[in-house]
There are 2 protein chains.
Amino acid sequence: MDTRTALLDSAERAARQRGFDAFSYADLARDVGIRKASIHHHFPVKADLAFGLIERYCARFADALRDIDSTSQTGAEKLRAYHQTYRSALADGSQLCLCVSMSAGRDSFAEPALEQLNQFHEDSTAWLTQVIQQGITDGSVSGFSAPEADAQATLALMEGAQLMARAASSLTPFDKATEVFLGKLA
Amino acid sequence: MDTRTALLDSAERAARQRGFDAFSYADLARDVGIRKASIHHHFPVKADLAFGLIERYCARFADALRDIDSTSQTGAEKLRAYHQTYRSALADGSQLCLCVSMSAGRDSFAEPALEQLNQFHEDSTAWLTQVIQQGITDGSVSGFSAPEADAQATLALMEGAQLMARAASSLTPFDKATEVFLGKLA
DNA sequence: GTCTATAGACTGATAGAC
DNA sequence: GTCTATCAGTCTATAGAC
(Lines give C-alpha, C1' and ligand atoms only; values in the text may rest on other atoms or scores of the structure.)
Protein backbone atom coordinates (compact mmCIF):
# COMPACT_ATOMS: atom_id res chain seq x y z
CA MET A 1 0.00 0.00 0.00
CA ASP A 2 0.91 3.62 -0.54
CA THR A 3 2.94 4.95 2.38
CA ARG A 4 1.00 8.19 2.45
CA THR A 5 -2.26 6.24 2.67
CA ALA A 6 -0.87 3.96 5.37
CA LEU A 7 0.12 7.05 7.37
CA LEU A 8 -3.32 8.59 6.97
CA ASP A 9 -4.96 5.32 8.03
CA SER A 10 -2.82 5.03 11.11
CA ALA A 11 -3.29 8.70 12.00
CA GLU A 12 -7.05 8.48 11.55
CA ARG A 13 -7.30 5.48 13.83
CA ALA A 14 -5.20 7.20 16.48
CA ALA A 15 -7.06 10.51 16.21
CA ARG A 16 -10.43 8.83 16.56
CA GLN A 17 -9.37 6.72 19.52
CA ARG A 18 -7.17 9.10 21.45
CA GLY A 19 -7.42 12.55 19.85
CA PHE A 20 -5.25 14.36 17.32
CA ASP A 21 -2.84 15.78 19.89
CA ALA A 22 -2.49 12.49 21.71
CA PHE A 23 -0.53 10.65 19.04
CA SER A 24 2.95 11.46 17.81
CA TYR A 25 5.05 10.92 14.72
CA ALA A 26 6.82 8.27 16.77
CA ASP A 27 3.54 6.36 17.20
CA LEU A 28 2.84 6.59 13.48
CA ALA A 29 6.35 5.45 12.61
CA ARG A 30 6.07 2.41 14.86
CA ASP A 31 2.66 1.56 13.47
CA VAL A 32 3.51 1.94 9.78
CA GLY A 33 7.04 0.56 10.01
CA ILE A 34 9.15 3.49 8.87
CA ARG A 35 11.23 6.06 10.73
CA LYS A 36 9.90 9.28 12.24
CA ALA A 37 11.92 11.46 9.89
CA SER A 38 10.43 9.76 6.83
CA ILE A 39 6.95 10.93 7.79
CA HIS A 40 8.04 14.52 7.28
CA HIS A 41 8.58 13.73 3.60
CA HIS A 42 4.84 13.06 3.26
CA PHE A 43 3.59 15.56 5.83
CA PRO A 44 6.25 18.24 6.46
CA VAL A 45 4.55 19.53 9.61
CA LYS A 46 1.75 18.01 11.65
CA ALA A 47 -0.72 20.63 10.43
CA ASP A 48 -0.36 19.11 6.97
CA LEU A 49 -1.38 15.78 8.44
CA ALA A 50 -4.41 17.36 10.11
CA PHE A 51 -5.50 18.89 6.85
CA GLY A 52 -4.91 15.66 4.92
CA LEU A 53 -7.00 13.77 7.43
CA ILE A 54 -9.97 16.13 7.31
CA GLU A 55 -9.77 16.48 3.56
CA ARG A 56 -9.94 12.73 3.00
CA TYR A 57 -12.68 12.36 5.59
CA CYS A 58 -14.85 15.02 3.93
CA ALA A 59 -14.46 13.40 0.52
CA ARG A 60 -15.37 10.00 1.92
CA PHE A 61 -18.35 11.31 3.81
CA ALA A 62 -19.66 13.07 0.72
CA ASP A 63 -19.35 9.77 -1.15
CA ALA A 64 -21.24 7.99 1.61
CA LEU A 65 -24.09 10.51 1.40
CA ARG A 66 -24.23 10.13 -2.39
CA ASP A 67 -24.32 6.39 -1.91
CA ILE A 68 -27.22 6.68 0.52
CA ASP A 69 -29.04 8.89 -1.96
CA SER A 70 -28.68 6.33 -4.72
CA THR A 71 -29.51 3.19 -2.76
CA SER A 72 -32.28 4.42 -0.45
CA GLN A 73 -35.70 5.54 -1.58
CA THR A 74 -37.72 7.29 1.11
CA GLY A 75 -36.55 10.05 3.45
CA ALA A 76 -36.92 7.67 6.38
CA GLU A 77 -34.70 5.06 4.74
CA LYS A 78 -32.03 7.66 4.09
CA LEU A 79 -32.13 8.92 7.67
CA ARG A 80 -31.84 5.37 8.98
CA ALA A 81 -28.78 4.83 6.80
CA TYR A 82 -27.33 8.13 8.03
CA HIS A 83 -27.87 7.10 11.65
CA GLN A 84 -26.23 3.74 10.94
CA THR A 85 -23.14 5.52 9.60
CA TYR A 86 -22.60 7.27 12.93
CA ARG A 87 -23.41 4.14 14.86
CA SER A 88 -20.90 1.93 13.10
CA ALA A 89 -18.21 4.62 13.29
CA LEU A 90 -18.27 4.08 17.06
CA ALA A 91 -17.21 0.46 16.66
CA ASP A 92 -17.69 -0.95 20.16
CA GLY A 93 -17.63 2.53 21.66
CA SER A 94 -13.88 2.86 21.41
CA GLN A 95 -13.63 5.57 18.77
CA LEU A 96 -15.40 8.70 17.62
CA CYS A 97 -15.99 9.71 14.05
CA LEU A 98 -13.17 11.95 12.90
CA CYS A 99 -15.37 15.01 12.80
CA VAL A 100 -16.40 14.79 16.45
CA SER A 101 -12.84 14.02 17.48
CA MET A 102 -11.49 17.03 15.61
CA SER A 103 -14.27 19.37 16.67
CA ALA A 104 -13.32 18.58 20.22
CA GLY A 105 -9.66 19.31 19.72
CA ARG A 106 -10.05 22.16 17.31
CA ASP A 107 -7.53 24.37 19.07
CA SER A 108 -4.63 22.54 17.47
CA PHE A 109 -5.70 23.34 13.94
CA ALA A 110 -4.89 26.16 11.58
CA GLU A 111 -7.31 28.01 9.34
CA PRO A 112 -7.41 25.62 6.34
CA ALA A 113 -8.29 22.63 8.50
CA LEU A 114 -10.89 24.57 10.46
CA GLU A 115 -12.49 25.73 7.24
CA GLN A 116 -12.85 22.14 6.03
CA LEU A 117 -14.34 21.19 9.37
CA ASN A 118 -17.00 23.88 9.18
CA GLN A 119 -17.65 23.04 5.55
CA PHE A 120 -18.36 19.49 6.66
CA HIS A 121 -20.92 20.70 9.16
CA GLU A 122 -22.61 22.86 6.53
CA ASP A 123 -22.69 20.09 3.94
CA SER A 124 -24.13 17.67 6.47
CA THR A 125 -26.92 19.97 7.56
CA ALA A 126 -27.71 20.87 3.95
CA TRP A 127 -28.09 17.19 3.09
CA LEU A 128 -30.13 16.49 6.22
CA THR A 129 -32.41 19.45 5.53
CA GLN A 130 -33.18 18.17 2.06
CA VAL A 131 -33.69 14.58 3.22
CA ILE A 132 -35.99 15.59 6.08
CA GLN A 133 -37.95 17.70 3.63
CA GLN A 134 -38.25 14.69 1.36
CA GLY A 135 -39.42 12.55 4.28
CA ILE A 136 -42.14 15.04 5.12
CA THR A 137 -43.26 15.10 1.49
CA ASP A 138 -43.26 11.35 0.98
CA GLY A 139 -44.88 10.80 4.37
CA SER A 140 -42.19 8.42 5.61
CA VAL A 141 -41.31 10.47 8.69
CA SER A 142 -43.29 12.05 11.52
CA GLY A 143 -42.41 14.55 14.18
CA PHE A 144 -40.39 16.84 11.92
CA SER A 145 -41.77 20.19 10.93
CA ALA A 146 -38.91 22.68 10.42
CA PRO A 147 -36.41 20.82 8.19
CA GLU A 148 -33.51 23.23 8.66
CA ALA A 149 -33.75 23.38 12.45
CA ASP A 150 -34.44 19.64 12.55
CA ALA A 151 -31.30 19.06 10.49
CA GLN A 152 -29.09 21.02 12.89
CA ALA A 153 -30.67 19.21 15.83
CA THR A 154 -30.10 15.84 14.17
CA LEU A 155 -26.42 16.49 13.57
CA ALA A 156 -25.98 17.71 17.15
CA LEU A 157 -27.80 14.63 18.40
CA MET A 158 -25.50 12.26 16.48
CA GLU A 159 -22.35 14.02 17.65
CA GLY A 160 -23.51 14.27 21.26
CA ALA A 161 -24.64 10.65 21.29
CA GLN A 162 -21.21 9.58 20.03
CA LEU A 163 -19.54 11.57 22.78
CA MET A 164 -21.65 9.91 25.46
CA ALA A 165 -21.00 6.46 24.05
CA ARG A 166 -17.28 7.11 23.89
CA ALA A 167 -17.24 8.34 27.48
CA ALA A 168 -18.97 5.17 28.61
CA SER A 169 -17.02 2.90 26.22
CA SER A 170 -20.33 1.39 25.20
CA LEU A 171 -22.84 1.62 22.38
CA THR A 172 -25.75 1.71 24.81
CA PRO A 173 -25.81 5.48 25.44
CA PHE A 174 -25.77 6.09 21.68
CA ASP A 175 -28.69 3.74 21.16
CA LYS A 176 -30.70 5.23 24.01
CA ALA A 177 -30.05 8.80 22.90
CA THR A 178 -31.11 8.11 19.32
CA GLU A 179 -34.09 5.90 20.16
CA VAL A 180 -36.63 8.71 19.86
CA PHE A 181 -35.07 9.85 16.57
CA LEU A 182 -35.40 6.36 15.08
CA GLY A 183 -38.99 6.22 16.27
CA LYS A 184 -39.84 9.13 13.99
CA LEU A 185 -38.88 7.09 10.93
CA ALA A 186 -41.77 4.98 9.74
CA MET B 1 -7.80 33.45 47.37
CA ASP B 2 -6.85 29.89 48.17
CA THR B 3 -3.99 28.72 45.94
CA ARG B 4 -5.63 25.37 45.34
CA THR B 5 -8.81 27.10 44.20
CA ALA B 6 -6.86 29.48 41.98
CA LEU B 7 -5.17 26.49 40.37
CA LEU B 8 -8.50 24.74 39.80
CA ASP B 9 -9.96 27.91 38.29
CA SER B 10 -7.06 28.35 35.93
CA ALA B 11 -7.04 24.67 34.97
CA GLU B 12 -10.78 24.67 34.35
CA ARG B 13 -10.56 27.67 32.06
CA ALA B 14 -7.70 26.08 30.12
CA ALA B 15 -9.37 22.67 29.91
CA ARG B 16 -12.60 24.15 28.60
CA GLN B 17 -10.89 26.34 26.04
CA ARG B 18 -8.12 24.09 24.82
CA GLY B 19 -8.59 20.64 26.37
CA PHE B 20 -7.10 18.93 29.39
CA ASP B 21 -3.98 17.70 27.61
CA ALA B 22 -3.34 21.03 25.93
CA PHE B 23 -2.30 22.95 29.03
CA SER B 24 0.74 22.33 31.19
CA TYR B 25 1.85 22.95 34.74
CA ALA B 26 3.96 25.73 33.25
CA ASP B 27 0.82 27.45 31.90
CA LEU B 28 -0.88 27.13 35.26
CA ALA B 29 2.17 28.48 37.09
CA ARG B 30 2.35 31.53 34.82
CA ASP B 31 -1.36 32.16 35.19
CA VAL B 32 -1.57 31.79 38.97
CA GLY B 33 1.80 33.38 39.72
CA ILE B 34 3.68 30.59 41.42
CA ARG B 35 6.37 28.17 40.25
CA LYS B 36 5.73 24.89 38.47
CA ALA B 37 7.13 22.81 41.32
CA SER B 38 4.72 24.38 43.81
CA ILE B 39 1.74 23.01 41.92
CA HIS B 40 2.87 19.48 42.76
CA HIS B 41 2.30 20.26 46.42
CA HIS B 42 -1.43 20.71 45.70
CA PHE B 43 -1.75 18.16 42.89
CA PRO B 44 1.13 15.66 43.06
CA VAL B 45 0.45 14.30 39.58
CA LYS B 46 -1.74 15.66 36.82
CA ALA B 47 -4.30 12.89 37.33
CA ASP B 48 -5.03 14.42 40.74
CA LEU B 49 -5.78 17.68 39.01
CA ALA B 50 -8.13 15.95 36.57
CA PHE B 51 -10.00 14.33 39.43
CA GLY B 52 -10.19 17.58 41.40
CA LEU B 53 -11.59 19.35 38.37
CA ILE B 54 -14.34 16.82 37.68
CA GLU B 55 -15.18 16.46 41.35
CA ARG B 56 -15.72 20.20 41.78
CA TYR B 57 -17.65 20.40 38.53
CA CYS B 58 -20.04 17.62 39.53
CA ALA B 59 -20.72 19.23 42.88
CA ARG B 60 -21.40 22.57 41.24
CA PHE B 61 -23.66 21.09 38.62
CA ALA B 62 -25.67 19.23 41.24
CA ASP B 63 -26.09 22.53 43.07
CA ALA B 64 -27.26 24.21 39.87
CA LEU B 65 -29.89 21.52 39.30
CA ARG B 66 -31.13 21.85 42.88
CA ASP B 67 -31.28 25.59 42.35
CA ILE B 68 -33.37 25.14 39.20
CA ASP B 69 -35.70 22.81 41.10
CA SER B 70 -36.28 25.35 43.82
CA THR B 71 -36.71 28.45 41.66
CA SER B 72 -38.65 27.06 38.67
CA GLN B 73 -42.18 25.72 38.80
CA THR B 74 -43.22 23.86 35.67
CA GLY B 75 -41.28 21.22 33.79
CA ALA B 76 -40.94 23.58 30.84
CA GLU B 77 -39.45 26.31 33.03
CA LYS B 78 -36.90 23.89 34.43
CA LEU B 79 -35.91 22.65 30.98
CA ARG B 80 -35.50 26.23 29.78
CA ALA B 81 -33.21 26.93 32.73
CA TYR B 82 -31.26 23.73 31.99
CA HIS B 83 -30.83 24.78 28.36
CA GLN B 84 -29.66 28.20 29.48
CA THR B 85 -26.97 26.61 31.66
CA TYR B 86 -25.41 24.93 28.64
CA ARG B 87 -25.82 28.02 26.51
CA SER B 88 -24.05 30.37 28.91
CA ALA B 89 -21.26 27.87 29.50
CA LEU B 90 -20.28 28.42 25.87
CA ALA B 91 -19.60 32.09 26.53
CA ASP B 92 -19.15 33.51 23.03
CA GLY B 93 -18.46 30.06 21.62
CA SER B 94 -14.92 29.94 22.93
CA GLN B 95 -15.27 27.24 25.56
CA LEU B 96 -17.09 23.99 26.20
CA CYS B 97 -18.60 22.92 29.46
CA LEU B 98 -16.08 20.84 31.36
CA CYS B 99 -18.04 17.66 30.88
CA VAL B 100 -18.01 17.84 27.08
CA SER B 101 -14.36 18.82 27.09
CA MET B 102 -13.40 15.91 29.30
CA SER B 103 -15.63 13.39 27.53
CA ALA B 104 -13.76 14.26 24.36
CA GLY B 105 -10.33 13.76 25.89
CA ARG B 106 -11.22 10.88 28.13
CA ASP B 107 -8.19 8.85 27.21
CA SER B 108 -5.97 10.82 29.54
CA PHE B 109 -7.95 9.93 32.64
CA ALA B 110 -7.67 7.16 35.16
CA GLU B 111 -10.50 5.15 36.65
CA PRO B 112 -11.60 7.49 39.47
CA ALA B 113 -12.00 10.44 37.12
CA LEU B 114 -13.83 8.36 34.50
CA GLU B 115 -16.19 7.10 37.16
CA GLN B 116 -17.11 10.65 38.17
CA LEU B 117 -17.65 11.53 34.53
CA ASN B 118 -20.08 8.67 33.99
CA GLN B 119 -21.78 9.45 37.28
CA PHE B 120 -22.37 12.95 35.97
CA HIS B 121 -24.05 11.60 32.85
CA GLU B 122 -26.26 9.33 34.92
CA ASP B 123 -27.25 12.07 37.36
CA SER B 124 -28.05 14.41 34.48
CA THR B 125 -30.29 11.96 32.67
CA ALA B 126 -32.01 10.97 35.92
CA TRP B 127 -32.82 14.63 36.60
CA LEU B 128 -33.95 15.21 33.02
CA THR B 129 -36.14 12.11 33.06
CA GLN B 130 -37.94 13.31 36.13
CA VAL B 131 -38.33 16.88 34.86
CA ILE B 132 -39.65 15.75 31.47
CA GLN B 133 -42.11 13.48 33.28
CA GLN B 134 -43.21 16.47 35.34
CA GLY B 135 -43.63 18.55 32.19
CA ILE B 136 -45.85 15.91 30.63
CA THR B 137 -47.94 15.72 33.80
CA ASP B 138 -48.31 19.47 34.26
CA GLY B 139 -48.95 19.96 30.55
CA SER B 140 -46.16 22.50 30.10
CA VAL B 141 -44.31 20.54 27.41
CA SER B 142 -45.32 18.88 24.16
CA GLY B 143 -43.57 16.45 21.87
CA PHE B 144 -42.13 14.27 24.63
CA SER B 145 -43.52 10.83 25.21
CA ALA B 146 -40.80 8.53 26.53
CA PRO B 147 -39.13 10.51 29.37
CA GLU B 148 -36.09 8.32 29.77
CA ALA B 149 -35.22 8.16 26.06
CA ASP B 150 -36.09 11.85 25.73
CA ALA B 151 -33.70 12.61 28.59
CA GLN B 152 -30.79 10.81 26.93
CA ALA B 153 -31.58 12.55 23.66
CA THR B 154 -31.73 15.93 25.38
CA LEU B 155 -28.32 15.50 27.01
CA ALA B 156 -26.81 14.35 23.71
CA LEU B 157 -28.39 17.34 21.97
CA MET B 158 -26.88 19.81 24.45
CA GLU B 159 -23.43 18.25 24.22
CA GLY B 160 -23.50 17.98 20.45
CA ALA B 161 -24.80 21.53 20.06
CA GLN B 162 -21.94 22.78 22.23
CA LEU B 163 -19.45 20.92 20.09
CA MET B 164 -20.80 22.48 16.90
CA ALA B 165 -20.80 25.95 18.41
CA ARG B 166 -17.25 25.52 19.61
CA ALA B 167 -16.10 24.35 16.19
CA ALA B 168 -17.65 27.42 14.60
CA SER B 169 -16.59 29.76 17.42
CA SER B 170 -20.13 31.06 17.46
CA LEU B 171 -23.32 30.66 19.46
CA THR B 172 -25.41 30.40 16.30
CA PRO B 173 -25.07 26.64 15.70
CA PHE B 174 -26.04 26.00 19.33
CA ASP B 175 -29.13 28.17 18.99
CA LYS B 176 -30.16 26.59 15.70
CA ALA B 177 -29.63 23.05 16.96
CA THR B 178 -31.70 23.65 20.10
CA GLU B 179 -34.46 25.66 18.42
CA VAL B 180 -36.80 22.69 18.02
CA PHE B 181 -36.17 21.62 21.62
CA LEU B 182 -37.11 25.06 22.94
CA GLY B 183 -40.22 25.00 20.76
CA LYS B 184 -41.51 22.03 22.74
CA LEU B 185 -41.59 24.10 25.94
CA ALA B 186 -44.82 26.00 26.24
C1' DG C 1 11.76 8.08 -0.36
C1' DT C 2 14.01 6.40 3.51
C1' DC C 3 17.61 6.51 6.61
C1' DT C 4 20.85 8.17 10.97
C1' DA C 5 21.73 11.67 13.91
C1' DT C 6 20.63 15.58 16.26
C1' DA C 7 18.68 19.98 17.59
C1' DG C 8 15.75 22.72 20.62
C1' DA C 9 11.86 23.10 23.15
C1' DC C 10 8.72 21.43 26.31
C1' DT C 11 6.60 17.79 29.35
C1' DG C 12 5.45 15.99 34.17
C1' DA C 13 7.90 15.02 38.11
C1' DT C 14 11.56 14.93 42.08
C1' DA C 15 15.14 16.42 45.68
C1' DG C 16 16.14 19.30 48.98
C1' DA C 17 16.85 24.29 50.88
C1' DC C 18 14.24 27.87 53.16
C1' DG D 1 3.88 26.04 51.11
C1' DT D 2 6.98 27.94 47.99
C1' DC D 3 11.32 28.07 46.08
C1' DT D 4 15.77 26.72 42.81
C1' DA D 5 17.74 23.32 40.27
C1' DT D 6 17.53 19.43 37.72
C1' DC D 7 16.02 14.97 35.70
C1' DA D 8 14.71 11.75 32.15
C1' DG D 9 11.55 11.49 28.72
C1' DT D 10 8.89 13.19 25.06
C1' DC D 11 7.68 16.16 21.23
C1' DT D 12 8.04 18.27 16.30
C1' DA D 13 11.27 19.32 13.06
C1' DT D 14 15.79 19.64 10.30
C1' DA D 15 20.39 18.38 7.95
C1' DG D 16 22.50 15.57 5.14
C1' DA D 17 24.00 10.65 3.57
C1' DC D 18 22.38 6.92 0.69
Side-chain angles (χ1 to χ4, degrees), chain A residues 1-56 98 101-102 104-114, chain B residues 1-56 98 101-102 104-114:
Chain A
M1 196 207 319
D2 189 41
T3 302
R4 191 191 139 93
T5 304
L7 286 169
L8 283 174
D9 287 348
S10 174
E12 179 170 335
R13 217 174 311 126
R16 290 172 53 184
Q17 278 176 5
R18 318 199 299 271
F20 184 78
D21 291 325
F23 73 87
S24 68
Y25 273 30
D27 298 326
L28 253 48
R30 207 175 307 118
D31 197 30
V32 170
I34 59 174
R35 295 294 176 167
K36 275 196 305 175
S38 310
I39 302 176
H40 288 277
H41 172 75
H42 302 276
F43 303 99
V45 301
K46 213 186 173 186
D48 298 320
L49 180 56
F51 186 77
L53 234 37
I54 300 187
E55 188 183 40
R56 191 177 71 159
L98 193 63
S101 160
M102 293 201 127
R106 59 136 273 167
D107 244 73
S108 332
F109 309 129
E111 227 17 82
L114 284 180
Chain B
M1 198 208 317
D2 190 40
T3 302
R4 191 192 139 92
T5 305
L7 286 168
L8 284 173
D9 288 347
S10 174
E12 180 171 333
R13 217 175 310 125
R16 290 172 52 183
Q17 280 176 4
R18 318 199 299 272
F20 185 78
D21 291 325
F23 73 87
S24 67
Y25 273 30
D27 297 327
L28 253 46
R30 208 174 306 118
D31 197 30
V32 170
I34 59 174
R35 295 294 177 165
K36 272 200 310 175
S38 310
I39 302 176
H40 288 276
H41 172 74
H42 302 278
F43 303 99
V45 301
K46 214 184 173 188
D48 297 320
L49 179 56
F51 185 77
L53 234 36
I54 301 188
E55 189 183 41
R56 191 178 72 160
L98 192 63
S101 160
M102 293 200 127
R106 58 138 272 169
D107 245 73
S108 332
F109 310 129
E111 226 17 82
L114 283 180

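Here is how names work: the chains are called A, B, and so on, in the same order as the sequence lines, proteins then strands, and each is numbered from 1.
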*Asks:* So do the side chains of A:Tyr25 and A:His40 get within less than 4.5 Å of each other, counting heavy atoms only?
*Replies:*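 Yes, their side chains come closer than 4.5 Å.
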*Asks:* Go through D:dT2, D:dT4, C:dT2 for me and flag the one nearest to the A:Ser38 side chain.
*Replies:*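 Out of D:dT2, D:dT4, C:dT2, the nucleotide with an atom closest to A:Ser38's side chain is C:dT2.
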*Asks:* Which parts of residues 21-35 of chain B get close to DNA chain D, meaning a heavy atom less than 4.0 angstrom away?
*Replies:* B:Ile34, B:Arg35
*Asks:* Within the structure provided, determine whether A:Phe109 and A:Phe51 are in side-chain contact (heavy-atom separation under 4.5 Å).
*Replies:*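 No. Closest side-chain heavy atoms not under 4.5 Å.
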*Asks:* Starting from the C-alpha separation in whole Å, work towards a yes-or-no answer on salt bridge (Lys or Arg N to Asp or Glu O under 4.0 Å) for B:Arg18 and B:Asp27.
*Replies:* CA-CA 12 Å; B:Arg18 318 199 299 272; B:Asp27 297 327; 3.4 Å; yes
*Asks:* Starting from P on C:dT11, measure out to CG on B:Leu49 and report it in whole angstrom.
*Replies:* 14 Å
*Asks:* Quick one: do B:Asp9 and B:Arg4 make a salt bridge, cutoff under 4.0 Å?
*Replies:* no
*Asks:* Taking the side chain as every heavy atom from C-beta outward, state whether A:Leu8 and A:Phe43 have any atom pair closer than 4.5 Å.
*Replies:*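 Counting from C-beta outward, A:Leu8 and A:Phe43 do come under 4.5 Å.
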*Asks:* At under 4.0 Å, does any side-chain N or O of B:His41 touch on OP1 or OP2 of D:dG1?
*Replies:* yes
*Asks:* If you only use heavy atoms from C-beta on, which nucleotide in D:dA5, C:dA13, D:dG1 is closest to the side chain of B:Lys46?
*Replies:*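 The closest nucleotide is C:dA13.
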*Asks:* Which comes earlier along DNA chain C counting from the 5' end, the contact point of A:Lys36 or that of A:His42, where each point is its nearest nucleotide?
*Replies:* A:His42
*Asks:* C:dG1 phosphate, OP1 or OP2: any side-chain N/O from A:His40 under 4.0 angstrom?
*Replies:* no
*Asks:* Under 4.0 Å between a side-chain N/O of A:Thr3 and OP1 or OP2 of C:dT2, yes or no?
*Replies:* yes
*Asks:* Looking at B:Ala113 and B:Ile54, what are the two nearest heavy atoms and their distance?
*Replies:*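 Nearest heavy atoms, B:Ala113 then B:Ile54: O-CD1, 3.6 Å.
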